[in-house]
Every structure is written in structure tokens, then in C-alpha cells.
Amino acid sequence: MKKYVLRTLTGIAFGIAITQIIALIVSFFIGNGNFYLFNPVMERVYETSLNAALVQLLSSSLYGGVFGVSTFVFTKDNWSLVKQTVVHFIIITCTCLLCGWLSFWYPHRISGILIAIGEYVVTYFIIWFCIYSSYKKSVSKINELTTEK
């Protein structure tokens, strides 16, 4: 249980940190010297900047926490890598769409949702492929070392 709590809390911290970094980058390029913690639309929808900031914080925390704890899917030794990846992908995609909807990370239109899903699928599988390749290389090195003896 301690492992799950630790990964969840670590994920929450990363989710908040990444959201802050993204807000800084976006503000730097389009903020005209202003800092935008959240999409300005959120202030109108959620009525106050405090409510908008709270929704942004909770969305980032939820996304990070779910991302952190969902990595345990990859410890299911009785599942194939394909099953692990599909289950993890579904969990993360659903969480991303929910948090993105609440925080206006993408336009609230079908085209916005489809573009967000497309970007997410490409990003997910690039990251997955890089991690997979790294692990495969490590396993190959270990196999080489064990066959030499």
C-alpha cells in the first residue's frame, strides 16, 4: 500500500510541476509579460480566478496521481506487454480527456477532442517506444553478460 501512496504523491507533484512549467512556457511566448496559470476561458466558466486556479490544480493533481499509480499496470507479470500497454493507455487517455476538458486544455468541440486524442496517441507511443527500446537494450546487455559466463 505504501508503494501506491508514494507513486500517487510523486505523480501529483510531477503533475503540478509540469503544469506550472507549461504555464510559464505558454506565458513566455504569448503572455505579453503576463503569467497565465490557466486558460483565461476558465475564469469566465468557473466565475472567479480562484475557482479556475483550483480546478487547474485539482486537474493537474488528478492527472499526475493517476499517471503515477497507473504505472503499476506494468508490474502485472501475468499480463502480456500489449495488454499492459492497452490498459495503461486507456486509463491515462480517459484521465487526460477528463482533466483536459475541465481545464480547457483543448477546445470544447469535436475537432478539439479529436486533435487532443491524436496528439496524445502520438506522444504516448513515442514515449512508450523509447522506454521499450531502452529496456530491450538493457535486457540484451544482461543476456550477453549471462551467456558469456
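Note that these values count all heavy atoms, side chains included, but never hydrogens, waters or copies made by symmetry.
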Value rounded to 0.5 Å, distance of OG in S49 from CE in M42: 11.0 Å
Listed once per pair and sorted, the side-chain hydrogen bond (donor to acceptor under 3.5 Å, both in side chains) pairs that draw on residues 63-84, sequence neighbours left out: R7-T71, S70-H88
Chi angles and distances behind the side-chain hydrogen bond (donor to acceptor under 3.5 Å, both in side chains) call for T48, N51: CA-CA 5 Å; T48 67; N51 289 343; 3.3 Å; yes
hydrophobic_cluster_shared for F89 and V69, side chain cutoff 4.5 Å: no
Other cluster members, I12 - Ile/Leu/Val/Met/Phe/Trp/Tyr, side-chain contacts below 4.5 Å: V5, L9, I16, L57
Shared hydrophobic cluster, V45 / L37 (ILVMFWY, side-chain heavy atoms < 4.5 Å): yes
All N/O donor-acceptor pairs, side-chain side in residues 22-32, below 3.5 Å, sequence neighbours left out:
{"from": "S27", "atom 1": "OG", "to": "A23", "atom 2": "O", "distance (Å)": "2.8"}
{"from": "S27", "atom 1": "OG", "to": "Y36", "atom 2": "N", "distance (Å)": "2.6"}

Test item: T146 side-chain N/O and N143 main-chain N/O as donor-acceptor pair under 3.5 Å: yes
Over 12 non-hydrogen atoms of neighbours within 6.0 angstrom of CZ in F14: no
Cluster overlap F125 with I91, hydrophobic side-chain contacts below 4.5 Å: yes
Nearest-0.5 Å distance that lies between atom NZ in K137 and atom CD1 in I142: 13.0 Å
Got a list of side-chain donor-acceptor pairs under 3.5 Å for residues 99-109, not counting sequence neighbours?
{"from": "S103", "atom 1": "OG", "to": "Q56", "atom 2": "OE1", "distance (Å)": "3.3"}
{"from": "S103", "atom 1": "OG", "to": "S59", "atom 2": "OG", "distance (Å)": "2.9"}
{"from": "S103", "atom 1": "OG", "to": "C99", "atom 2": "O", "distance (Å)": "3.4"}
{"from": "W105", "atom 1": "NE1", "to": "Q56", "atom 2": "OE1", "distance (Å)": "3.4"}
{"from": "Y106", "atom 1": "OH", "to": "L97", "atom 2": "O", "distance (Å)": "2.7"}
{"from": "Y106", "atom 1": "OH", "to": "W101", "atom 2": "N", "distance (Å)": "3.4"}
{"from": "H108", "atom 1": "NE2", "to": "W101", "atom 2": "O", "distance (Å)": "2.7"}

Where Y46 and A52 come nearest, the two heavy atoms and their spacing: CB-N, 4.1 Å
Within one Ile-Leu-Val-Met-Phe-Trp-Tyr cluster: V86 and V73, side-chain cutoff 4.5 Å: no
Exercise answer: donor-acceptor pairs, residues 111-123 side-chain atoms, under 3.5 Å, sequence neighbours excluded:
{"from": "T123", "atom 1": "OG1", "to": "E119", "atom 2": "O", "distance (Å)": "2.8"}

Single-linkage hydrophobic cluster L58~F38, side-chain heavy atoms < 4.5 angstrom: no
Validation: residues 127-136 side-chain donor-acceptor distances under 3.5 Å, sequence neighbours left out:
{"from": "W128", "atom 1": "NE1", "to": "T85", "atom 2": "OG1", "distance (Å)": "3.0"}
{"from": "S133", "atom 1": "OG", "to": "F129", "atom 2": "O", "distance (Å)": "2.9"}

